Amino acid sequence: MRSKRLEMLYRTLIKEHSNNPKNKRTLENATGEIELFNPSCGDLMIIQFKLDHDILTEVCFEGQGCAISMASASMMTELMQGKSINEAKDLIGQFYQLVQGNKEVDTKLLKDAVYLEGVSKFPTRIRCATLSWHALEQGLKEQE
């Protein structure tokens, strides 16, 4: 019974973030911008961010794609607001571990993104879930 409730919550959160994504807009005067494309399903993600010293003051996205891709980008942008570059990199690494099925991840740190854990059962969907995270990771590396 508990598993069914969690699955329903998972679906509800994915739908909510996909249908009403947070931070889906163009960011004026962005410090960094990265565009990535997932050819396996056609997802296109543009991540923009502003840095103040090493703090992500804003993270936004534009693009199109499947529900998982859009929901993941929405969750990621919410999670990254106000994080330092090192905190962001750590969260990105934690998220990668989560969607690959690692049960050792501290899920509290990932907030809503923890509900994407189920994609670990569908390897082709992992790319959808991680596209925006890879874009932010690449953008942060370019800032160093």
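All values below come from the heavy atoms of this structure, side chains included, with hydrogens, waters and symmetry mates left out. What you are looking at is a predicted structure, and each value in this text was computed from that prediction instead of being measured. Just so you know, residue 1 is the first one in the sequence shown, and it goes up from there.
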Interatomic spacing from [atom1] in [X] to [atom2] in [Y] - rounded to 0.5 Å:
X	Y	atom1	atom2	answer
N19	I14	CG	CD1	11.0 Å
I34	S132	CD1	OG	13.0 Å
H17	D112	NE2	CG	4.0 Å
Q48	E35	CD	CD	10.5 Å
I126	L116	CD1	CG	11.0 Å
L98	L110	CG	CG	6.0 Å

Can you check whether [X] reaches [Y] side chain to side chain, under 4.5 Å on heavy atoms?
X	Y	answer
S72	T130	no
N38	C128	yes
I85	L56	no
E137	F95	no
Y115	T12	no
I47	M76	yes
M70	K24	yes
M45	W133	no

Show the nearest heavy-atom pair for residues [X] and [Y], with the distance to one decimal.
X	Y	value
S120	G101	CB-N, 3.5 Å
N23	E78	ND2-N, 3.6 Å
D43	S69	OD2-CB, 3.1 Å

Run the side chain to side chain contact (heavy atoms under 4.5 Å, CB included) test on L136 and F61 for me, step by step, so that the C-alpha distance in whole Å, both residues' side-chain angles and the decisive distance to 0.1 Å come before the verdict.
CA-CA 10 Å; L136 180 61; F61 77 100; over 6 Å; no
Pair E33, E142 - check side chain to side chain contact (heavy atoms under 4.5 Å, CB included), show working.
CA-CA 10 Å; E33 177 177 310; E142 288 182 6; over 6 Å; no
Run E28 and K50 through salt bridge (charged side-chain N to carboxylate O under 4.0 Å, His left out) and show every step you take.
CA-CA 9 Å; E28 298 297 322; K50 282 186 184 179; over 6 Å; no
Using modelled atom types only, decide if a donor and an acceptor are shared between the side chain of [X] and the backbone of [Y] within a distance under 3.5 Å.
X	Y	value
S74	K22	yes
T57	D52	no
Q81	T77	yes
E62	T26	yes

Do you reckon I46 sits in the same ILVMFWY cluster as L27, going by side-chain contacts under 4.5 Å, direct or chained?
no
Could you please spell out the steps behind the side chain to side chain contact (heavy atoms under 4.5 Å, CB included) verdict for L131 and R127?
CA-CA 6 Å; L131 185 63; R127 286 186 194 162; over 6 Å; no
Got more than 12 heavy atoms from elsewhere within 6.0 Å of CZ, F37?
yes
Please name the residue in the list E58, Q143, M80 that meets the side chain to side chain contact (heavy atoms under 4.5 Å, CB included) test with F49.
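So, applying the side chain to side chain contact (heavy atoms under 4.5 Å, CB included) to F49 and each of E58, Q143, M80, only Q143 qualifies.
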